[in-house]
Amino acid sequence: MALARGYAATDASKPLEPFTFERRAPNADDVVISIKYSGICHSDIHQARGEWGNSNFPMVPGHEIAGIVTEVGSGVTKFKVGDRVGVGCFVDSCTACASRDLDIEQYLPGLVGTYNAFEADGVTPTYGGYSDSIVVKEGYVLSLPANLDFAATAPLLCAGITLYSPLRHWNAGPGKKVAIVGMGGLGHMGVKLAHAMGADVTVLSQSLSKKEDGLKLGADHYYATSDPETFKSLASSFDLILCTVSAELDWNAYASLLKVDGTLVLLGIPEKPVPVHAFSLVPARRSISGSMIGSIKETQEMLDFCGEHNIVSEIEMIRMDQVNEAYDRVVKSDVRYRFVIDMATL
Ligand code: NAP
Ligand code: ZN
């Protein structure tokens, strides 16, 4: 056991505060990581504030982790001391199930979240990246491309893979028209990744206030959803719409923007059901689907793709003690485009 320092939410209604806890001693297949940077995902806020009804306290959030290997177990073969590595949204999964070969472990029972979860023993809580160190099985540790800015790779571990996976699954590429709804932490990564894959990229944002940024990051078109003309002029025009918004939207209006056989994919998770009229789908064989992060194999593929295309997140670096203020700013969509905590300030 080793003592770790971090920041934790102790209750859904309280700000995060300094917290000391124990990390397990490394097993033969474990990697010990000194955490250097930790991204702030909107999911951290949903869980720390008890908005999903599944919160366990005390909770050390953080699943966009970039760090350096400081120790490896005797059976570890893929990593050595000094390597730049990442950890994303889960640190263990079902190993018994045959479906694991399909590289869809994020959808299988037995998934162990990086925080707000319990290890495979069912009793030991997992604590996340807002801390100075973490111990993770080597099969759940990712290699970070050396050419990328270290701090700005952290958000790839959640925001990056969450957009990369559906873009690949629904074959985004040349000749495909892709819309990204919401230019936030997830959305801005979607713009960069879809552009690098060769798709024609449109941002659908609440206003035009981030238009200049969106076009710079790779969007070909940028529209305000507050303008009713947007829904008229873009009717039946997209192969794929990735929605990163967790607020309630007029889902029929968004479905109407899909071409025949087009798909609207939910990435943000609205609290209430998503009502859609059959007439919004049936006459054009449209689909509505959802997608959650990506497998370890696909996450490594995404990181390698980002290395080749020089893609990182746009970040605002903060001190650890600014985390509560940062949470309030994310909720107000006042971040360009992901907060990353410099763990040296812990
Ligand atoms: P974020 O940085 O806050 O971005 C969300 C964006 O949604 C905002 O930037 C804003 O974009 C738009 N938005 C906010 N309020 C809105 C409203 N009332 N109406 C319409 N649009 C609104 O959050 P994030 O970190 O990208 O996460 C987005 C959601 O995805 C969260 O719910 C998170 O829990 C979820 N998530 C899902 C997965 C997954 O695997 N599926 C993974 C990570 C996160 P504009 O200002 O451009 O309109
Ligand atoms: Zn996340």
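Start at 1 and go down the list; that is how both ligands and their atoms are numbered. In what follows, residues are counted from 1 in the order of the sequence shown.
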Classify the ring geometry between [X] and [Y] as parallel (under 30°), tilted (30 to 60°) or perpendicular (over 60°).
| X | Y | value |
| --- | --- | --- |
| Phe279 | His277 | parallel |
| His46 | Trp52 | parallel |
| Tyr140 | Phe90 | perpendicular |

For [X], the ligand 1 atoms whose distance to one of its heavy atoms is below 4.0 Å:
| X | answer |
| --- | --- |
| Cys41 | 43 (C), 44 (C) |
| Val245 | 7 (O), 12 (C), 20 (C), 21 (N), 22 (C) |
| Val330 | 3 (O) |
| Trp52 | 34 (O) |
| Lys210 | 9 (O), 11 (O), 45 (P), 46 (O), 47 (O) |
| Thr244 | 28 (C), 29 (C), 30 (O) |
| Ser333 | 8 (C), 9 (O), 10 (C), 14 (C) |

Is ligand 1 under 4.0 Å from a heavy atom in the side chain of [X], in the backbone, in both, or in neither?
| X | result |
| --- | --- |
| Thr162 | side chain |
| Ser291 | backbone |
| Ala247 | side chain |
| Val331 | neither |
| Ser43 | both |

Validation row, ring centre Tyr115 to ring centre Tyr130 under 6.0 Å = no
key: Centroid-centroid distance, Phe19 to Tyr7, less than 6.0 Å   = no
State if [X] counts as touching ligand 1 under the rule of any non-hydrogen atom under 4.0 Å.
| X | value |
| --- | --- |
| Tyr222 | no |
| Arg338 | yes |
| Leu249 | yes |

message = I'd like the atom name of the N/O/S atom in His63 lying closest to the Zn ion (ligand 2).
response = NE2
What's the shortest heavy-atom distance between [X] and [Y], and which atoms?
| X | Y | result |
| --- | --- | --- |
| Phe21 | Gly6 | CE2-N, 4.1 Å |
| Ser165 | Ile293 | CB-O, 3.3 Å |
| Ile311 | Ala196 | CD1-CB, 3.6 Å |

message = I'd like to know if the Zn ion (ligand 2) has an N/O/S atom from His42 within less than 2.8 Å of it, counting both backbone and side-chain atoms.
response = no
query = Is there an N/O/S atom in Cys89 at a distance below 2.8 Å from the Zn ion (ligand 2)?
reply =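 No N, O or S atom of Cys89 is closer than 2.8 Å to the Zn ion (ligand 2), so no.
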query = Does Val335, backbone or side chain, put an N or O under 3.5 Å from an N or O of ligand 1?
reply = no
request  = Give me the one residue out of Arg336, Lys211, Gln206, His188 that meets side-chain contact (heavy atoms from CB on, under 4.5 Å) with Met183.
outcome  =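 Going through the options one by one, the only one that passes is His188.
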key: Audit row: Asp30, Lys137, salt bridge (charged side-chain N to carboxylate O under 4.0 Å, His left out) steps and yes/no   = CA-CA 4 Å; Asp30 277 331; Lys137 281 188 186 177; over 6 Å; no
key: Closest approach of any protein heavy atom to atom 45 (P) of ligand 1, naming residue and atom   =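 That would be Ser205 OG, 3.3 Å.
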ask   = Can you find a side-chain donor-acceptor pair between His221 and Asp200 that sits under 3.5 Å?
value =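 Their side chains do contain a donor-acceptor pair, which is all the 3.5 Å distance test asks for.
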ask   = Are Ser289 and Ser287 close enough, and set up right, to give a side chain to side chain donor-acceptor pair (under 3.5 Å), and what steps lead you there?
value = CA-CA 6 Å; Ser289 189; Ser287 309; over 6 Å; no
